[in-house]
Amino acid sequence: MKKTLALLLALILAFGLMACSSSDTEAPAGDTATDTTTDTTTDTTTDAADATDTTGTSDTADTGSSEFTTVTEGVLTMSTNATFPPYEMTDDQDNVIGIDADIAAAIADKLGLELQIDDMDFDAALLAAQQGRSDIVMAGVTVNEERLAVMDFTDSYATGVQVVIVPEGSDITLDTMQGLTIGTQRATTGNILASYPPEEGGFGEENVIAYDNGITAVQALMNGQVDCVIIDNGPAQEFVSANPGLEILPTEWVTEEYAIGMAKGNTALYEAVNGALNELIADGTVQSIIDSYITAE
């Protein structure tokens, strides 16, 4: 009986110790789980905060402002042919002025850039932008399929009208120009369209002479080397005003839209320039610039 009682006491004591041991083991396990969860949550929250800082508004704005690149850092380089008044011409100090120069300056200001204008032949100005040696080309440039194949263009900012300059009192009309010798400015749409075959609306390449600029074409007209000159209405008005004995045919030859050309593929620069241009159109700046050079008839 005593042995049985002693055995029972021993078993009770053993079970008691096991219970105490189980309780002691579970408590630290519970503490460890709690600590781990807290640390993980804190670290994750901190990492998330760090990620937010990395892509914050100020950082995004900085990235956005430096997305596009230009030929020269901090400068918007414009190629042009400054013999196309009132869109581009030179003053007494040989500075390029005119509608395009003023619009380009306003665009550069909006983009936080300085404007540099490089004056060259018209076809060289187009090629400079096409090859990325200038950021933009503005020279009364018309958008056509040939140019779209090698350059990107902004939205139009002005409407150009091609007209015909003839000697004063001439009996030449648009209907009698076939077979005449026609002067144009090299690489302009006037030159391109006039050179088309008659069945395509032109006068035939053999009847069209391309000059380096409009001034030279008009001089050729005054010297009797060509019968008439096809050129944009803006410069035509200037040339006729400066050279007595010339007049413009009353009927417009071609109407076209002017836009800013740039190298293909520079999407960021295109979006920046086109965006700035449209803001200037919307707030009336572009029209104000045009009106300051071309008065209403």
Side-chain angles (χ1 to χ4, degrees), residues 76 78-89 98-107 110 122-123 125-130 134-165 174 184-196 200-202 213-214 229-238 248-249 251-264 266-267 269-297:
L76 183 67
M78 165 186 158
S79 56
T80 193
N81 175 229
T83 60
F84 198 65
Y87 286 90
E88 36 270 314
M89 52 209 169
I99 293 172
D100 287 346
D102 287 2
I103 292 175
I107 290 173
K110 270 195 171 292
F122 184 77
D123 50 353
L126 292 173
L127 194 60
Q130 177 186 329
S134 70
D135 298 307
I136 60 174
V137 55
M138 295 182 72
V141 181
T142 305
V143 183
N144 58 33
E145 291 184 7
E146 180 181 340
R147 291 171 184 162
L148 280 170
V150 294
M151 282 193 291
D152 288 332
F153 285 91
T154 63
D155 296 330
S156 172
Y157 63 88
T159 299
V161 176
Q162 294 281 326
V163 296
V164 182
I165 304 176
L174 293 183
T184 63
Q185 181 177 345
R186 192 184 316 280
T188 62
T189 52
N191 171 237
I192 295 168
L193 296 176
S195 299
Y196 284 169
E200 295 181 24
N213 51 61
V229 169
I230 292 177
I231 199 165
D232 183 271
N233 184 59
Q237 297 286 349
E238 299 281 343
I248 299 171
L249 292 183
T251 306
E252 301 170 353
W253 186 56
V254 171
T255 301
E256 53 197 6
E257 299 295 321
Y258 292 156
I260 303 171
M262 59 194 72
K264 273 190 170 297
N266 195 342
T267 305
L269 179 63
Y270 170 83
E271 291 178 349
V273 171
N274 196 50
L277 173 64
N278 277 289
E279 288 179 13
L280 294 168
I281 292 173
D283 67 17
T285 300
V286 168
Q287 190 59 52
S288 177
I289 290 171
I290 293 172
D291 291 344
S292 70
Y293 287 94
I294 302 176
T295 57
E297 295 181 353

Just verifying a value: how many Å separate [X] [atom1] and [Y] [atom2], rounded to the nearest 0.5 Å?
| X | Y | atom1 | atom2 | answer |
| --- | --- | --- | --- | --- |
| Leu193 | Gln162 | CG | CD | 7.0 Å |
| Tyr87 | Ile290 | OH | CD1 | 6.0 Å |
| Met138 | Asp102 | CE | CG | 9.5 Å |
| Lys264 | Phe153 | NZ | CZ | 9.0 Å |
| Ile281 | Asn278 | CD1 | CG | 5.0 Å |
| Ile260 | Ile107 | CD1 | CD1 | 3.5 Å |

Nearest heavy-atom pair of [X] and [Y]: which atoms, and what distance?
| X | Y | answer |
| --- | --- | --- |
| Ile230 | Gly190 | CG2-CA, 4.2 Å |
| Ala187 | Asn191 | N-OD1, 3.4 Å |
| Gln185 | Gly214 | OE1-N, 3.5 Å |
| Gly261 | Ala129 | O-CB, 4.1 Å |
| Met262 | Tyr270 | SD-CA, 3.4 Å |
| Gly140 | Glu88 | N-OE2, 3.4 Å |

Look at the side chain of [X] and the backbone N and O of [Y], then say whether any donor-acceptor pair between them is shorter than 3.5 Å.
| X | Y | value |
| --- | --- | --- |
| Ser79 | Ala125 | yes |
| Ser156 | Ala259 | no |
| Asp155 | Asn274 | no |

Side chains of [X] and [Y]: does their closest heavy-atom pair fall under 4.5 Å?
| X | Y | answer |
| --- | --- | --- |
| Phe84 | Asp100 | no |
| Gln237 | Ile294 | no |
| Glu271 | Thr267 | yes |
| Val286 | Leu277 | yes |
| Thr142 | Arg147 | yes |
| Met151 | Leu126 | yes |

Please evaluate residues Leu269 and Asp135 with respect to the criterion side-chain contact (heavy atoms from CB on, under 4.5 Å), reporting the C-alpha separation (whole Å), side-chain torsions for both, the decisive distance (0.1 Å), and the verdict.
CA-CA 8 Å; Leu269 179 63; Asp135 298 307; 4.1 Å; yes

Pair Phe122, Val141 - check side-chain contact (heavy atoms from CB on, under 4.5 Å), show working.
CA-CA 9 Å; Phe122 184 77; Val141 181; 4.3 Å; yes

